[in-house]
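Notes to accompany the following structure.
Worth saying up front: this structure is predicted, and the values here are computed from it rather than measured.
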Amino acid sequence: MFNKRVIIKDLLTWEPGSQEVTVMGWVRTFRNGQFIALNDGSTNSNLQVVLDLGKYGSEFQKRIAVSAALKINGTVIASPGKGQKLELKATSVEILGDSDPEKYPLQPKKHSLEFLREIAHLRFRTNTFGSVFRIRHALAFAIHKFFNDKGFLYMHTPIISASDAEGAGELFKVTTLPLENIPKNENGSVNFKEDFFERSTNLTVSGQLEAELGATAFGNVYTFGPTFRAENSNTARHLAEFWMIEPEMAFYDLEDNMNLAEEFIKYIIKYAVAHNREDLEFLTQRLEDEEKHLPQDKRSEMSLLQKLEFVLQHEFERITYTEAVEILKESNYNKKEKFRFPVTGWGMDMQSEHERYLVEKHFKKPVIIRNYPKEIKAFYMRQNEDGKTVTAMDILVPGIGEIVGGSQREERLDRLEQRMKEMNIPEKDLWWYLDIRRFGTVPHSGFGLGFERMVQFVTGMTNIRDVIAFPRTPGNAEF
RNA sequence: UCCUCAGUAGCUCAGCUGGUUAGAGCAUCUGACUGUUAAUCAGAGGGUCACUGGUUCAAGUCCAGUCUGAGGAGCCA
């Protein structure tokens with residue numbers, strides 16, 4: 001019988017009254033041969049367990065080492081010591097799993113995030129990663145709740161795909177062909193007829209195109225699944241395997257799309273602020289301690305919790321691409337030539353330093369930029385009447401950059417076909433996508449939100465590798 | 001992939017213009033103490049100075065290459 005254990009998070013809210021309970025967890029510290037700080041992952045707060053002096057013998061006490069797993073029976077009493085309201089007076093202690101202190105790498109002290117990344121299988125046992133992953137869970141749950149409450153249908157789009165949806169980026173090939181002896185056609189190309197699917201396939205880079213098929217039947221759908229990009233990107237905000245949320249809505253124009261995206265982002269932040277207060281307070285403190293080493297001008301203007309509250313209380317700034325370029329051109333930064341990449345004018349693809357200037361220096365809050373030049377955006381975005389721009393929108397947030405990319409989709413068959421020709425997208429692979437425009441086509445819109453970037457924004461973690469359990473990046477697929 | 005910086009004990013780091021047996025805090029081990037909060041006190045063990053090659057009487061320190069990591073850039077979510 002193991003499931004009668006009391007969860008420490010719940011127990012800590014009790015009024016002590018000599019209740020007899022069983023708790024199980026892992027030792028965080030053992031002080032004075034008498035006091036165990038026990039943690040079961042439900043909260044960063046530890047339960048103080050008090051042992052009777054001399055009752056267990058020194059051999060047994062040695063086994064109460066950091067991260068040993070214990071089952072403890074005891075009574076909940078008011079704590080005479082400072083620092084905790086209650087404690088557990090142990091009546092019996094059982095060691096479920098030993099932890100050799102000579103070999104266990106974690107200590108009750110600060111570790112660098114780089115070091116913890118190398119022991120990702122153990123880093124959940126730290127306060128920082130405990131908080132990050134409880135918040136990650138809460139955000140994932142809030143996302144499903146938000147869409148479910150709005151009547152969206154959760155759609156599972158394929159992981160293995162034959163189409164290169166956005167024409168974007170390098171793909172991971174999926175094959176069962178023998179790598180040491182790949183069957184070839186007469187012209188030397190790979191003979192995919194002999195492959196498992198009898199065609200070339202890869203891991204998905206987006207579920208959007210399939211989600212559009214769902215939206216034009218169910219009205220509102222969303223996907224929430226893994227996404228794969230084989231780009232050789234080595235940055236604090238890119239992963240080869242990441243999770244993406246892609247809502248797709250029929251009868252939505254860009255305005256509706258932006259409204260939904262802003263409401264959505266605020267909803268899930270609000271959920272975390274309401275349900276993960278303790279973890280957010282811990283991470284807020286962590287960031288403040290971190291920034292104590294930095295010079296004054298490098299420190300954040302707001303604490304993590306202040307930043308989240310600020311985002312909740314203010315409208316996102318909404319500007320057009322054209323306005324964004326004007327702001328950049330007129331900025332003191334540009335006039336003093338502080339940008340590494342000069343602002344060349346309309347038609348330029350904004351560099352991250354430009355986006356960061358708009359978000360962090362100029363507006364100091366999330367910004368939605370819409371109506372980009374069609375040349376720098378994907379084929380499926382709806383063309384505006386000016387012949388130059390498409391109804392795209394990106395949402396940029398301080399510290400992270402682009403967190404959402406979306407658009408109204410081109411629902412007019414002739415316009416879509418013309419754009420695909422211009423961009424050399426083969427129509428024959430996407431016949432099903434075009435069919436949607438042939439049979440009851442409707443204005444529709446959607447966006448993609450990078451889940452890990454969202455978790456970064458809410459937790460304040462600066463490296464994306466620290467908000468996913470086992471990060472996949474170039475040269476790294478351990479665990 | 002490009003640019004910049006770094007790699008010294010299990011962890012975090014010090015080690016000056018090259019010069020004897022390479023240091024500290026924490027952790028670990030031994031002992032003391034016992035209502036502690038990253039407990040405290042005393043002692044002990046622990047190093048291929050990332051790797052390979054070079055310069056030099058002498059290299060942790062200088063040079064070259066390689067590997068690994070971080071920050072920035074590109075690609076993007």
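Across the C1' atoms, B:G15 and B:G47 are found 14 Å apart, a figure rounded to whole Å. Atom name P, nucleotides B:G35 and B:U48: the rounded distance is 42 Å, in whole Å. With P as the reference atom, B:A64 and B:G18 are 16 Å apart, rounded to whole Å. Of the C1' atoms belonging to B:A27 and B:G10, the separation is 7 Å, rounded to the nearest Å. When the C1' atom is used for both B:C62 and B:C57, the distance is 16 Å, rounded to whole Å. Rounded to whole Å, the separation between the P atoms of B:U37 and B:U20 comes to 42 Å. Rounded to whole Å, the separation between the P atoms of B:G7 and B:G60 comes to 15 Å. Distance check on atom C1': B:G23 versus B:A9 gives 10 Å, rounded to whole Å.
Distance, A:H238 NE2 to B:A73 P: 11 Å, rounded to whole Å. Taking atom CG of A:D394 as the reference point, atom C1' of B:C76 lies 10 Å away to the nearest angstrom. Between the P atom of B:C76 and the CG atom of A:L396 lies a distance of 14 Å, rounded to the nearest Å. For the pair A:R453 CZ and B:C75 C1', the interatomic distance rounds to 10 Å; values are reported in whole Å.
Ion pairing of A:R370 with A:D394 is absent here, as no side-chain N (NZ or NE/NH1/NH2) approaches a carboxylate O to less than 4.0 Å. One finds no salt bridge joining A:K266 and A:E263 here, because no Lys/Arg side-chain nitrogen approaches an Asp/Glu carboxylate oxygen to under 4.0 Å. In summary, A:K307 and A:E301 do not engage in a salt bridge, as defined by a charged side-chain N under 4.0 Å from a carboxylate O. With respect to A:R229 and A:E241, no salt bridge is recorded, no charged nitrogen being found less than 4.0 Å from a carboxylate O.
Proximity of A:T227 to the phosphate of B:A77: no side-chain N or O atom is located under 4.0 Å from OP1 or OP2. Remark: A:R31 is in phosphate contact with B:A39, judged by side-chain N or O atoms under 4.0 Å from OP1 or OP2. The phosphate of B:A73 has OP1 or OP2 within less than 4.0 Å of a side-chain N or O from A:R237. Checking the phosphate oxygens (OP1, OP2) of B:A73, a side-chain nitrogen or oxygen of A:R356 falls inside 4.0 Å. Close to B:G74, at under 4.0 Å from its OP1 or OP2, lies no side-chain N or O of A:S233. Put simply, A:Q351 has a side-chain N or O that comes within less than 4.0 Å of OP1 or OP2 on B:G74. At B:A70, one or more side-chain N or O atoms of A:R465 fall inside 4.0 Å of OP1 or OP2 (strictly under the cut-off).
Not a single donor-acceptor pair, N or O on each side, falls under 3.5 Å between the base of B:G45 and the side chain of A:E102. Between the base of B:G10 and the side chain of A:Q107 there is a donor-acceptor pair shorter than 3.5 Å.
Residue contacts for A:P101: at a heavy-atom cut-off of 4.0 Å it reaches the sugar-phosphate backbone alone, with no base atom in range. Heavy atoms of A:Q456 sit nowhere under 4.0 angstrom from any nucleic acid atom. Among the heavy atoms of the strands lying under 4.0 Å from A:T235 is at least one base atom, whether or not backbone atoms are also near. Among the atoms of the strands shown, base atoms are found under 4.0 Å from some heavy atom of A:K82. Looking at heavy-atom distances under 4.0 Å, A:N463 makes contact with sugar-phosphate atoms alone, never a base. Residue contacts for A:K62: at a heavy-atom cut-off of 4.0 Å it reaches the sugar-phosphate backbone alone, with no base atom in range. Counting non-hydrogen atoms under 4.0 angstrom, A:Q84 reaches a base of the nucleic acid. A:V404 comes within 4.0 angstrom of sugar-phosphate atoms only, judged by non-hydrogen atoms across all strands, and of no base. Within 4.0 Å of A:L106, counting heavy atoms only, lies no atom of the nucleic acid at all. A:R117 comes within 4.0 angstrom of sugar-phosphate atoms only, judged by non-hydrogen atoms across all strands, and of no base. Looking at heavy-atom distances under 4.0 Å, A:E402 makes contact with sugar-phosphate atoms alone, never a base. Using a 4.0 Å heavy-atom criterion, one finds that A:S112 contacts the sugar-phosphate atoms exclusively.
Note that the CE atom of A:M393 and the NZ atom of A:K377 stand 10.5 Å from one another [nearest 0.5 Å]. Interatomic distance, A:M381 CE to A:I376 CD1, rounded to the nearest 0.5 Å: 9.5 Å.
Base pairing annotation: B:U1 forms a Watson-Crick or G-U wobble pair with B:A73, both donor-acceptor distances under 3.5 Å. With a cut-off of 3.5 Å on both pairing distances, B:A39 has no Watson-Crick or G-U wobble partner at all. Figure legend. B:A59 is base-paired to no nucleotide; pairs are counted as Watson-Crick or G-U wobble with both atom distances under 3.5 Å. Base pairing analysis places B:U68 opposite B:A6; the two distances defining the Watson-Crick or G-U wobble pair are each below 3.5 Å. Look at B:U17: it lacks any Watson-Crick or wobble partner with both distances under 3.5 angstrom. Pairing for B:G25 is with B:C11, a Watson-Crick or G-U wobble pair whose two hydrogen-bonding atom distances lie under 3.5 Å.
In this structure, the nucleotide among B:G69, B:G74, B:G35 sitting nearest to the side chain of A:F35 is B:G35.
Residues A:P80 and A:N232 each lie close to RNA chain B; by heavy-atom proximity, the contact nearer the 5' end of the strand is made by A:N232. Residue A:G475 is the one, among A:G475 and A:F341, whose nearest nucleotide of RNA chain B lies closer to the 5' end (criterion: closest heavy atom).
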Chi angles and distances behind the side chain to side chain donor-acceptor pair (under 3.5 Å) call for A:N127, A:R286: CA-CA 10 Å; A:N127 285 334; A:R286 198 194 88 86; over 6 Å; no
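Atom NZ of A:K110 has 12 or fewer heavy atoms from other residues, nucleotides or ligands within 6.0 Å. Shown here is A:K365, whose NZ atom has more than 12 heavy atoms of other residues, nucleotides or ligands within 6.0 Å.
The aromatic ring of A:F242 is stacked on the base of B:A77, with the two ring centres less than 5.5 Å apart and the planes inclined by under 30°.
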